[in-house]
Amino acid sequence: MNDHGSMVVEVAETNETRHLVEYASDEIRETLAQLPEETLVPVEMVRAGSRSNVWKVVALHGRTTPEASATVSTAN
């Protein structure tokens with residue numbers, strides 16, 4: 001997570017890059033901020049903007065191992 005509270009992630013299933021810029025709670029934001037790079041985390045997200053690739057995380061569903069199916073992987 002950068003100094004502005006956003007982070008870039010990759011959707012594991014599609015290799016799509018998304019920019020997380022909003023969080024449904026401080027707990028979600030703090031949890032994501034503490035994750036090391038390449039951690040796989042199933043998350044629920046909704047678009048945060050209508051014209052760009054920015055997303056709001058609305059729920060976390062726990063960490064998984066790299067071998068497991070996941071929604072996003074934290075990226076640098």
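- Residues Ile28 and Val43 fail the side-chain proximity criterion, which asks for heavy atoms closer than 4.5 Å.
- Leu32 CG to Glu27 CD: the interatomic distance, rounded to the nearest 0.5 Å, is 10.5 Å.
- Counting heavy atoms of neighbouring residues, nucleotides and ligands inside a 6.0 Å radius, atom CG of Asn2 exceeds 12 of them.
- Between Glu16 and Arg18, the closest heavy-atom pair is OE2-NE, 3.1 Å.
- Following chains of ILVMFWY side-chain contacts shorter than 4.5 Å, one cannot reach Val54 starting from Val57, and the two form parts of different hydrophobic clusters.
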- Item | Intermediate values then yes/no, side chain to side chain contact (heavy atoms under 4.5 Å, CB included), Arg47 and Trp55 | CA-CA 4 Å; Arg47 283 198 175 275; Trp55 297 82; 3.7 Å; yes

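- Rounding to the nearest 0.5 Å gives a distance of 10.0 Å between CE of Met1 and CD of Gln34.
- For Ser25, there are no side-chain hydrogen bond (donor to acceptor under 3.5 Å, both in side chains) partners at least two apart in sequence or on another chain.
- Here the CD atom belonging to Glu13 is positioned 10.0 Å from the CD atom belonging to Glu10, to the nearest 0.5 angstrom.
- Residues Leu35 and Met45 fall within the same hydrophobic cluster, defined by Ile, Leu, Val, Met, Phe, Trp and Tyr side chains chained together at heavy-atom separations under 4.5 Å.
- Between atom OG1 of residue Thr31 and atom OH of residue Tyr23 there is a gap of 11.5 Å, rounded to the nearest 0.5 Å.
- Closest approach of Glu22 and Ala48 over heavy atoms only: OE2-CB, 3.6 Å.
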